[in-house]
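Note sheet for the following structure.
Just so it is clear: chains get the letters A, B, ... in the order the sequence lines come, proteins before strands, and each one is counted from 1.
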There are 2 protein chains.
Amino acid sequence: MAGRPRKAEPEAALVAAMNAFWQKGYESTSMSDLTEATGLHKASLYQTFGDKHQLFVSALKLYFKKSSKAQKESRNGEENPINAIRNSVDTTINQCAEGKGCLAVNSLIEVAPFDAEIDRILKQFRQHLDKHLAGLVDEAKSVKLVSGSVDTKEAVRMISIFLHGLSANMAAGMSANKARALLHGQLDLVLTLRKKSHRS
Amino acid sequence: MAGRPRKAEPEAALVAAMNAFWQKGYESTSMSDLTEATGLHKASLYQTFGDKHQLFVSALKLYFKKSSKAQKESRNGEENPINAIRNSVDTTINQCAEGKGCLAVNSLIEVAPFDAEIDRILKQFRQHLDKHLAGLVDEAKSVKLVSGSVDTKEAVRMISIFLHGLSANMAAGMSANKARALLHGQLDLVLTLRKKSHRS
DNA sequence: CGAGAAAATTGCCAATCGATAATTTAACAA
DNA sequence: TTGTTAAATTATCGATTGGCAATTTTCTCG
């Protein structure tokens with residue numbers, strides 16, 4: 001009944017493909033690049049993941065899965081909601097890489113305008129992240145660490161947009177440290193925290 | 001002496017090429033796309049502008065020329081420095097287009113990481129814009145419309161990053177109106193203006 | 001040990017990529 | 001008119017693209 005077993009876990013190949021798309025973008029990553037990155041032959045990629053577009057969709061979904069997992073872990077017992085917020089956005093920055101930026105933001109610009117499916121996936125992901133952050137902001141408001149006059153949705157949006165901007169700048173070489181510093185400044189402004197209040 | 005005259009202004013073709021790159025990005029825009037957009041035949045494009053990369057460089061420089069011109073005109077006799085700042089960033093948003101974003105930001109993500117020349121041009125452009133905005137902020141500080149405690153460079157950077165984020169979101173469909181509203185909110189925060197102070 | 005099944009690999013495909021050489025067309029000067 | 005010059009066009013190049021059919025290898029089960 002059973003046939004020849006796989007030599008490699010397809011998950012590892014998918015991670016390699018994800019990194020390839022991340023580094024070069026969708027269009028510029030050729031099937032040849034993908035075979036080199038994954039170690040799999042071209043036809044094996046087609047058999048395992050379908051065509052290039054399907055492989056990209058799978059890679060994006062994996063990126064989101066990893067990112068969501070990192071978000072959940074970012075709290076890690078932290079009780080102070082403000083610090084939880086800081087951990088959360090720091091984690092988002094950590095998902096970016098110097099010289100590469102964030103795969104989601106890159107794809108938002110490069111492929112979402114021409115690809116309804118990718119656009120849908122990315123929108124879903126943004127909503128997911130925004131919801132997570134909004135929960136933390138509400139929590140901070142409930143314990144009066146953030147003023148009740150702050151509009152949660154608005155605040156989250158201002159932070160989210162700023163994160164997009166940081167991703168673009170990191171793609172062009174901004175360091176993660178610099179990005180984090182700017183980001184915490186933005187948090188101070190949006191949540192009307194006193195400056196230099198980073199960490200407790 | 002003189003030979004056959006040109007049938008079309010090369011400037012018009014360059015504008016068309018710029019729009020093509022803007023809409024589809026560098027890699028995805030083929031020479032075939034460019035011939036269709038410009039109306040020129042392929043070989044004419046090579047003769048007039050050099051290869052694809054040189055044509056892209058020329059298109060980027062044209063984009064910056066147009067953008068810089070719009071920036072200068074955005075003041076247009078406005079005496080209130082705060083309104084001059086608002087006009088300036090509104091002009092930046094106007095350079096973006098719904099569904100396309102800003103050519104500079106798109107290129108920053110798509111090509112700057114792999115192309116030193118483009119990276120240099122884009123960096124130069126950002127510095128130019130930042131300098132212009134910093135001048136306006138300093139002006140506002142000198143007439144006490146912005147607190148002297150505001151760090152000009154820091155403030156400009158926070159606004160610039162936010163603009164990058166807005167461009168990314170506009171590429172994925174955010175309306176210019178929404179972008180402007182969020183942007184003015186960011187100005188209020190960064191320059192510590194009282195909310196809803198838009199326009200005088 | 002074969003028979004069968006599935007993974008892995010080879011080899012090839014039409015289409016398109018960016019880029020030029022060779023040629024034709026059209027204008028001005030002599 | 002004709003020679004010169006340059007723009008416009010045609011035709012074509014080799015390389016690479018994404019994609020797949022055909023084949024070989026390697027396993028499990030009867």
Worksheet item: Roughly, in whole Å, what's the span from CD in B/Gln47 to P in D/dT5?
Response: 16 Å
Worksheet item: To the nearest angstrom, how far is A/Phe49 atom CZ from D/dG18 atom P?
Response: 16 Å
Discussion item. With a 3.5 Å distance limit and no angle check, can you tell me whether B/Thr38 reaches the backbone of B/Leu34 through a side-chain donor-acceptor pair?
Written reply: yes
Anything under 3.5 Å between a donor and an acceptor, one on a side chain of residues 160-174 of chain A, the other on a protein residue two or more places apart or in another chain? List them.
{"residue": "A/His164", "atom": "ND1", "partner": "A/Ser160", "partner atom": "O", "Å": "2.7"}
{"residue": "A/Ser167", "atom": "OG", "partner": "A/Cys102", "partner atom": "N", "Å": "3.0"}
{"residue": "A/Asn169", "atom": "ND2", "partner": "A/Gly165", "partner atom": "O", "Å": "2.9"}

Discussion item. Expressed as a whole number of angstroms, how long is the span from B/Leu40:CG to D/dT9:P?
Written reply: 8 Å
Worksheet, complete the sentence: Between CD of A/Gln54 and P of D/dG18 the distance, given in whole Å, is 15 Å
Which pairs, protein N/O on one side and nucleotides 15-18 of chain C N/O on the other, fall under 3.5 Å?
{"residue": "C/dC17", "atom": "OP1", "partner": "B/Ser30", "partner atom": "OG", "Å": "3.4"}
{"residue": "C/dG18", "atom": "OP1", "partner": "B/Lys52", "partner atom": "NZ", "Å": "2.9"}
{"residue": "C/dG18", "atom": "OP2", "partner": "B/Met31", "partner atom": "N", "Å": "2.8"}

Worksheet item: Cluster partners of A/Ile109, using ILVMFWY side-chain heavy atoms under 4.5 angstrom, listed by chain and number?
Response: A/Val105, B/Val105, B/Ile109
Worksheet item: What pairs with B/Arg75 under side chain to side chain donor-acceptor pair (under 3.5 Å), at least two apart in sequence or on another chain?
Response: B/Glu139
Item to complete: Taking only heavy atoms on the protein side, list every residue of residues 114-122 of chain A lying under 4.0 Å from any atom of DNA chain D, sorted numerically.
Response: none
If you look only at distance, which donor and acceptor atoms sit under 3.5 Å apart when one is on a side chain in residues 16-33 of chain B and the other is two or more places apart or in another chain?
{"residue": "B/Asn19", "atom": "ND2", "partner": "B/Val15", "partner atom": "O", "Å": "3.4"}
{"residue": "B/Trp22", "atom": "NE1", "partner": "B/Gly101", "partner atom": "O", "Å": "2.8"}
{"residue": "B/Lys24", "atom": "NZ", "partner": "B/Asp33", "partner atom": "OD2", "Å": "3.1"}
{"residue": "B/Thr29", "atom": "OG1", "partner": "B/Ala20", "partner atom": "O", "Å": "3.4"}
{"residue": "B/Thr29", "atom": "OG1", "partner": "B/Gly25", "partner atom": "O", "Å": "2.6"}
{"residue": "B/Ser30", "atom": "OG", "partner": "B/Ser32", "partner atom": "N", "Å": "3.4"}
{"residue": "B/Ser30", "atom": "OG", "partner": "B/Asp33", "partner atom": "N", "Å": "3.1"}
{"residue": "B/Ser30", "atom": "OG", "partner": "B/Asp33", "partner atom": "OD2", "Å": "3.2"}
{"residue": "B/Asp33", "atom": "OD2", "partner": "B/Ser30", "partner atom": "N", "Å": "3.0"}

Side-chain donor-acceptor pairs of residues 60-70 of chain A under 3.5 Å, sequence neighbours excluded:
{"residue": "A/Tyr63", "atom": "OH", "partner": "A/Leu103", "partner atom": "N", "Å": "3.4"}
{"residue": "A/Ser68", "atom": "OG", "partner": "A/Phe64", "partner atom": "O", "Å": "2.9"}

Discussion item. Both A/Ala43 and B/His41 contact DNA chain D. Taking the nearest nucleotide for each, which residue is further toward the 5' end?
Written reply: B/His41
Name each donor-acceptor pair under 3.5 Å that joins a side chain in residues 129-136 of chain B to protein atoms two or more places apart or in another chain, with its distance.
{"residue": "B/His132", "atom": "ND1", "partner": "B/Gln71", "partner atom": "OE1", "Å": "3.4"}

Item to complete: Using side chain to side chain donor-acceptor pair (under 3.5 Å) as the criterion, list what pairs up with A/Asp115, not counting sequence neighbours.
Response: A/His53
